[in-house]
Every structure is written in structure tokens, then in C-alpha cells.
Amino acid sequence: MPGPMNRGMHGGATVKHGRKTFLRLFREVFRGNGLKLAVVVMCIIISSLVTVFVSNMIETLIDQYITPLLTGQMMDFSALAMAMVRWAVIMLLGVVSVYVYARIMVTIAQDALMRIRNSMFEKLEHLPISYYDQTQHGATMSLFTNDADTLQQMISQSLVGVLSSLLTVVMVFVAMLRNSWKLTIVVVLATAVMFYITGVVAKKSGRNFVAQQANLARVNGFIEEMINGSKVVKVFCHEDESEKDFDAINEDLCATMTKAGGYSNVMGPITMNIGNLQYVVLVFVGSAICLLGGGFAAGYTVGMLAAFLQLSRSFANPISQISQQANFVLMALAGAERIFEFLDRENEVDNGYVTLVNCTTTEDGTVTESEKRTGEWAWRHPHTDGSPVTYTPVRGDIEMHEVDFGYVQDKTVLHDITLYAKPGQKIAFVGSTGAGKTTITNLLNRFYDIQDGKIRFDGININKIRKSDLRRSMGMILQDTHLFSGTIMENIRFGKLDATDDEVIAAAKLANAHDFIMMMPDGYDTMIENDGEGLSQGQRQLLSIARAAVCDPPVLVMDEATSSIDTHTEALVQSGMDRLMEGRTVFVIAHRLSTVRNSNCIMVLDHGRIIERGTHDELLAQKGTYYKLYTGAFELE
């Protein structure tokens, strides 16, 4: 069996490549949105300039209008009114710019998330089977939900907030230097203290946000396992133990979320109070300079001091917002790193170049490729030495020669497996659980690649055959059936997407599924949901067999196909299977020895080795392991 399942996607406690992850995320977000990004930046600049203007407006308002009016130097209010109108227009421009870039960022965020999810699902479809065998499904689902949600919040809110704050800080800083470099020194010192404290807190918070996302994936994975195995939990009265296990991992999640939230929540108060302290110091220093007078206070007016105090607020607030948004950015980077690590996983490797094509065969045996569907198939085999392309008719001739295999390098589970299956033969595998029966079928369709030996299909090494074409030539009927949401017709047609309704019905009749389908409320148009909820296990298996029948493969693999079917249904299935197997090479794995009696060859496996082989009668005559199994001297486990 495959290696032990991972309890989560990633167990790291820190963002390993924060800068690289951020730059990659930034490129992914704005890929194809260059024009929108330019508009967003322009609107943010306008908004920042308006912020600076509003602060400087206070100086003009006090020194040029309010003070002259209070001292009686000016009695005309029209100039003040005109100035107020100009200021209102400029402030309205700032409001419009904020609205525009906020709306654009929503569209950019949703577009980016759509592309990221598309890329993730595409990756999901191209990963090797080993990934699914070794990773919890719930942990993978957490990437599409929790981690993707953190990206959505960051892109639509935090990212634009940080960009806006950074530009505002730069422009306000320039304005403060222009007004008073002396008071700016006080702001810089206070900001340095703020950065140091928030940096320490953010570092601790970031580690816990990453751990939070990993533990959240563990919780989702555990819940998914328990939901799928709910009947097993109840049958074995495992509810209390399940609750204890869940409580343990949920407590881990609670602990990391508490730490992450705790550090995150102190960011705001720290920066706000440092900003307030800075404001008080500025008032004291600025007032002292104004009162002292002289050359040192040249250019200092009440309006200038008031404007500078407002600028200091406009400087401190964005920094406070950046420090608070940093937590969401860190959490999003943790999710982004998990997503990018998933996207960077190696796809299923396929170096095959022999393909499956439609063909026609003349009376003299010449095979010619056809663009139309002919019902005949051939292997199209190009040659690297420049010789002409050759065509080999698909017959279903399977050969395994001295095959060794292990799911991990240092543990071999199949040893020296050699077998031959001629076209039309039925080969059965018998053995206890873990003997290697299913592993052999996994190797036939290259879910896994062998470490040593050869597997040939019609004389061609299957490593040379493109995987999709190899699997198209094999029909799989698995013990665990899976039905998709849709009609019965659509579920059967899954085996051959271009199958006509008549072909689907013929396949259902071949599998003896037609009669029960016609008893359903809407026949073949009956909707199936929740993996065939409402259908018996036998009915679900019949649909699975019909799905394999409609694709009409030359090779058929049945992995415990009738193990969960009652005796009456098994008789129906067996008669349909006998018709389905005519002219095909068939591999059968079965615990019920009655289903393999008519096999051309039965192979008995034990601990990854073939210990007996022969027909039913030959094996009984040997009075070995198969004889003991058949007569009940000992049973399969």
C-alpha cells in the first residue's frame, strides 16, 4: 500500500520565502491587469496628494483667513468662500479617487483568485496518484477555501491599503520636511520606535499565523475523514475517541489562533499610543519654538504648527494601518506559500510517445491510421532512428517480466512478478490483503512506475506509451465506486463522453443495469447526488460496470468488483460481465473464489510474490495454498 497519509499539507512554522512569495503573488495578482494597476496607482497618488493638501489647507485657513478676520485686518468673506469651494472640489476629487481604486481592486482581486483557483484545479488534475494516496483530502480542500480566502482579503483590502498608506507616508514626509525639518526629526524618532516594536510583534505574529493555517488544514482533514467514516465510527462506538482526537487538534488550532490574534490585536493600540505620544511631544516642542521666537523660530506660525500637527497625524495613521494590515498580509503570505508550494509540485511525469489511434485493417493485414472513429485501434509508434512510423493493432497482449516495485525506495512490495495474459484471457489474482494484488493493477495503467523489470502491452514497453492513451485502452471497475452529481445517463457516459444514448443504454443492458434504471422515477434522466445516495451498493456497482462497458476497452481490470454485491445481484453482474469480457484481456481481483473459477489462469500471491499459478482444477490438484483457501482450510484476510 502507499506510504502513510500526511496529517496536513505543510508543517512549517514560518514563512520560508516571504519576499519571493510576495513578489510572486504580486505578479500573479496584476498579471494581465497592467492598465488597471496604473489607474489604481494614479488614484492612490491623487488620494495621497489630497491628504497632504487638506493638512496644508489648515495653515492657509488659519494664517490667511481666520487670523486676519479675528484681528480685523480683513472683513471680506468672499475670498474665504471661494477658497472653501476650491477645497471642497479637491476633497471631492479625493473621495472619487478612493471609490475608483477600491472598485477596481475588487475586480482585480476576484480575477486573480479565479485564475489561482483555476491553476490549482488544473494542478489537481495533473498530480500523480501518489499525491492523493499520501495527502488528506481535507488538507487539500483547505487550500481552495481557507488559504484562498486569506488571499482574497489581502488582495481586495490589505494590499491596496498598504500601497495607499506607503504613498501617503512618502508624500506627507516630504510635506513635513518642507514645513519644518526640526519637528520632522521628532516624528522620525517616534516612527523608529514604532517600527522597532511593531517589527518584533509582527515577527512573532507571523510565525503563529503560518502555524494557524497549517493547523486549520489539519482540522479540515480530520473533519473530512470523520464525515466519510461516520458509519464506521458509529458501528465501532468510536464517538468518544473521535471527540478526544478532534479536541486535541482543535486545541492546537485554538492555541495558535489565540497567539496570532493576541499579537495582532496589540498592534493597533501600540501604534496608536505611540502616535498620541508623538503628537503630545510635537505640541510641546512646536509651542516652545513659537514662544521662544527669534531666528530659530523663523517661519513658525500658528497655522504652520497646526498644519504640521495634522501632517503628523496623516503620517502616523498610515503607519498604524500598515502595521495592522501587516498581520493580514502575513497570514495571506502563509496561505500563498502553501498554495504556491502546491502549484510547484511536480506533475505526473509522462515521457510516452506511442499513441492510440483509430485505424482500418485491410485483408492483407496492413494497418492504416484513420481520422474517423472506426471501432479498430492501433498503437502509433514513431521511431527515434528516423525509420517509418509503425502501427501495431491493439489486441490486449499483456506481459510482466521480473517486475520489482515499492511505493518507497527502501521497501519492495512486489518481487520478481512475471505473468503473461494473451488476448481474450482472464487472469485472476488471489491472496490476502496486502499481498500485492491491487498494486499489480496500479502498475498496469502506470499509476506508479516500476523500479525494475518490464511491462509490455502488445509487445510495446508501457513506459513508451502515453499514459492517457494507455489508460484509455483499459477499463477499470473498482471496489469503491464513485458516482458524480448528474443524471444516470451522464454518469455512464463518463466512460466515453461522445457516447450516444443508444450506446449508453446498450452498455447498461450489458451490465444488467437497464432494468433497475427503468424503475427509477426518471429512468436514465434520474439525478444522482451525494455519490449515489439512495442507490444500493449493488446498483452503484452496476452503474460503474456500465461505465466501463460503454468505453469498450480491449483490457478490463476488475478490482474486487463484486465484493460488495449480494448473491442475487452478483449473478446478474456475472452474466453481464461474461458478455463484457468476450474478446478482452481481463484481470480480476476477488475474495470470492467462486468468481474466478472460469479464469484461464489464477495466480496466488503472498507478500508480493506469486507462489502458485494455474487453472482452477490445476491448483486444486496441487493441494497447496489455493486448495486450502477453496476448501476452507484457511481463509483470506
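Along the sequence shown, the residues carry numbers beginning at 1. Worth saying up front: this structure is predicted, and the values here are computed from it rather than measured.
For R31 (side chain) and A112 (main-chain N/O), no donor-acceptor pair under 3.5 Å exists by modelled atom type. For T184 (side chain) and M176 (main-chain N/O), a donor-acceptor pair under 3.5 Å exists by modelled atom type. S47 places no side-chain N or O within 3.5 Å of a backbone atom of C43 that could act as its donor or acceptor partner. Under a 3.5 Å cut-off, the side chain of S165 and the backbone N or O of V162 do not form any donor-acceptor pair. In this structure, T256 contributes its side chain and L253 its backbone to a donor-acceptor pair below 3.5 Å. Counting only distance, with no hydrogens or angles, the side chain of R540 and the backbone of L483 share no donor-acceptor pair below 3.5 Å. Judged by distance alone, the side chain of R446 and the main-chain N or O of R466 form no donor-acceptor pair under 3.5 Å. Proximity of a side-chain donor or acceptor of K36 to a complementary backbone N or O of I104 within less than 3.5 Å is not detected.
Comment: D350 does not engage K467 in a salt bridge, judged by the lack of any side-chain N to carboxylate O separation of less than 4.0 angstrom. A salt bridge between D240 and K244 is absent, with no side-chain N of the basic residue lying under 4.0 Å from a carboxylate O of the acidic one.
In terms of heavy-atom proximity, F22 sits nearest to M154 at CE1-CE, 3.7 Å.
Both tests pass for R24 against the ring of F340: distance under 6.0 Å to the centre and angle within 45° of the axis.
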